[in-house]
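Here is how names work: the chains are called A, B, and so on, in the same order as the sequence lines, proteins then strands, and each is numbered from 1. The analysis underlying the following values was restricted to heavy atoms, covering all of them including side chains, and did not include hydrogens, waters or symmetry mates.
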Protein chains: 2
Amino acid sequence: MQHWFIDRQPIALPTWCEAFPESHVLSRAQVGLASGAGVLWFRLRSGELVDDLLPTAGPAVGQYFVVLSDEPDEEIVLQCMAAGAAGCCNSHAAPEVLRQVALVVANGGLWVGQSLLRRVMGGTARIIEQRQQSRSDDWSVLLSERETQVARLVAGASSNKEIARQLSISERTVKAHLTSIFEKLGLRDRLQLSLRINGLPL
Amino acid sequence: MQHWFIDRQPIALPTWCEAFPESHVLSRAQVGLASGAGVLWFRLRSGELVDDLLPTAGPAVGQYFVVLSDEPDEEIVLQCMAAGAAGCCNSHAAPEVLRQVALVVANGGLWVGQSLLRRVMGGTARIIEQRQQSRSDDWSVLLSERETQVARLVAGASSNKEIARQLSISERTVKAHLTSIFEKLGLRDRLQLSLRINGLPL
DNA sequence: GCCGGAACTGTACTTTGGTGCAATGGTGGA
DNA sequence: TCCACCATTGCACCAAAGTACAGTTCCGGC
């Protein structure tokens, strides 16, 4: 599963890199370079039209389009779906959200923002409210900011060397953070950490 | 993250056990026994009403309700949402799907079946058709039976030594299977394998 | 000023993970 | 029968992960 971020200028937001360290960033003219299974993330800047953004050919087999909108609203989301995208979310969404979107999309789901779902389904507001607060990142409150960054990268299957390069610190420091993380969360190794971060059982 | 399956009789379907080997099965009278963070899966049998199934109190903090319907239709899904459930799917859904649902729900998402989404959003049928065939079960068909067993255990964060003991083979054999798995699926290490098996991006 | 915590780094060490090469035995198809 | 694939294992080897011990700097609170 690969990830390509497509924008006017091939410059990635920090959150994108954090969500998918191995991702590629392309200018809109370079869309053709994206080959193989994966997600193509199209950034929609303010005032731009969805129809001008997405390739008219639609996604290739095994590929999925997601629109990252600077100013998302329900109208845009609907346009994205109609244009062949499998999802639409905020350009500045947190790394966890991006990974979540990728997960759903890559498994045949459609990612629909909660605001739209709420309007569209009606009468379900109370559940939605409720889950707003119970975003129990029990792990993230226990960790320091730096440790959280390391933990997220580990959860994405990055090696210590990659993490070190990404955060511009030594591999030794990465290990130090990890040892601290394992101790705080009562885990054994990076694989358990990955499951914990990704919200999987055990 | 724990899982409780609640049915008239405390008898689990094989798919449930496969999805969550550590899960508990409860009769409806025993719902109160479910404590701590996790997912409560309520089986809705044919002809039963959603409102009679779910506790009126709604889910506790860190807990999520999902309805497993023997005969799901769009009307039932809407009722489930209104009754405080975070998702609704088929009672006989494949283990991978159940894990998928759990993942989305536990991360604050709502699980909505594709048929409902399709009706509700309209005009997006073509994307939905397309993604029907390209599911990501691709890994299980590429692996031999033994390799699949090893892969599942690795995905659950077991060490080679543990897997060896579990399958009554030598640690060396476990490594051999893993090397073969990595080669077949084009992966680098057990962490990437875990993400792949658990249906996560990358 | 002192103290604790965080971030950072080094040397050295043990353990685990993963590969290469080699070998055995079974099974099922051409 | 021969061949391909699977499951199994041993030995050796290298790389990566993780730990132990020690040390630095910076920052904010008491």
For atom CG of Leu142(A) and atom P of dG5(C), their distance in whole Å: 15 Å
Between Gln149(B) and Arg152(B), is any side-chain donor less than 3.5 angstrom from a side-chain acceptor? no
Below 4.0 Å: OP1/OP2 of dA17(D) and any side-chain N or O of Asn160(A): yes
Given atom CD1 of Ile163(B) and atom P of dT9(D), what is their separation to the nearest angstrom? 14 Å
Smallest separation among heavy atoms of Cys80(A) and Cys88(A), with atom names: SG-SG, 3.7 Å
Which residues pass the side-chain hydrogen bond (donor to acceptor under 3.5 Å, both in side chains) test with Thr148(A), not counting sequence neighbours? none
What protein N or O atoms touch nucleotides 26-30 of chain D N or O atoms at under 3.5 angstrom, if any, and at what distances?
none

With a cut-off of less than 4.0 Å, is there a side-chain N or O of Lys184(B) near OP1 or OP2 of dC6(D)? yes
Tell me whether Ser69(B) contacts the main-chain N or O of Asn90(B) through its side chain, where contact means a donor paired with an acceptor under 3.5 Å. no
Check the orientation of Phe65(A) and Phe42(A). Use parallel for under 30°, tilted for 30 to 60°, and perpendicular for over 60°. perpendicular
Which heavy atom of Val31(B) sits nearest a heavy atom of Pro55(B), and at what distance? CG1-CG, 4.2 Å
Distance in Å, Ser144(A) OG paired with Ile181(A) CD1, rounded so as to fall on 0.5 Å steps: 7.5 Å
Mind calculating the distance between NZ (Lys161(A)) and C1' (dA15(D)) to the nearest angstrom? 9 Å
Contact class for Thr173(A) (heavy atom, under 4.0 Å): base, sugar-phosphate, or nothing? base
Tell me, which pairs form a side-chain hydrogen bond (donor to acceptor under 3.5 Å, both in side chains) where one or both residues lie in residues 181-190 of chain A, sequence neighbours left out? Glu147(A)-Lys184(A), Asn160(A)-Arg190(A), Arg188(A)-Glu162(B)
Rounded to whole Å, the CG-P distance (Asp189(A) to dG17(C)) equals 7 Å
Nearest-angstrom distance from the residue atom CD of Gln192(A) to P of dA17(D): 16 Å
Under 3.5 Å, which N/O atoms of the protein pair with N/O atoms of nucleotides 19-22 of chain D?
residue	atom	partner	partner atom	Å
dT19(D)	OP2	Thr179(A)	OG1	2.8
dA20(D)	N6	Arg172(A)	NE	3.3
dA20(D)	N6	Arg172(A)	NH2	2.7
dC21(D)	N4	Arg172(A)	NH2	3.3

For Ser144(A), report the nucleic acid contact type (base, sugar-phosphate, nothing); a contact means any heavy atom under 4.0 Å. sugar-phosphate
So Phe5(B) and Trp41(B), would you call those rings parallel, tilted or perpendicular, with 30° and 60° as cut-offs? parallel
Euclidean distance, Ser158(A) OG relative to Leu191(B) CG, rounded to 0.5 Å: 8.5 Å
Distance col, row Asp7(B):CG vs Leu68(B):CG, nearest 0.5 angstrom, shows 9.0 Å
Let me know, please, whether Glu171(A) or Leu167(B) comes out on the 5' side of the other along DNA chain D by nearest nucleotide. Leu167(B)
Between P of dA7(D) and CD of Glu145(B), the distance in whole Å: 8 Å
According to the interplanar angle, ranging from 0 to 90°, do the rings of His24(B) and Trp4(B) count as parallel (below 30°), tilted (30 to 60°) or perpendicular (above 60°)? parallel
Please state how far atom NE2 in His177(B) lies from atom P in dC5(D), giving the value in whole angstrom units. 16 Å
Name the pairs: protein N/O against N/O of nucleotides 27-30 of chain C, kept only if under 3.5 Å.
none

Side-chain (Trp16(A)) to main-chain (Ile11(A)) donor-acceptor, under 3.5 angstrom: no
Heavy atoms of Arg28(B) and Arg43(B) approach each other most closely as NH2-O, 2.9 Å
Nearest-Å distance for atom pair CG/C1', residues Leu143(A) and dG5(C): 15 Å
Within the structure, does a side-chain N or O atom of Arg146(A) lie under 4.0 Å from either OP1 or OP2 of dA7(C)? no
If an axis is fit to five pairs at each end of the helix from dG1(C)-dC30(D) to dA30(C)-dT1(D), what is the angle between the two, to the nearest 10°? 30°
On DNA chain C, compare the nucleotides closest to Leu191(B) and Glu147(A); which residue's is nearer the 5' end? Glu147(A)
Do Ile6(B) and Leu40(B) pass the side-chain contact (heavy atoms from CB on, under 4.5 Å) test, and can you show the C-alpha distance, the side-chain angles, and the key distance before you say yes or no? CA-CA 7 Å; Ile6(B) 294 110; Leu40(B) 283 77; 4.0 Å; yes
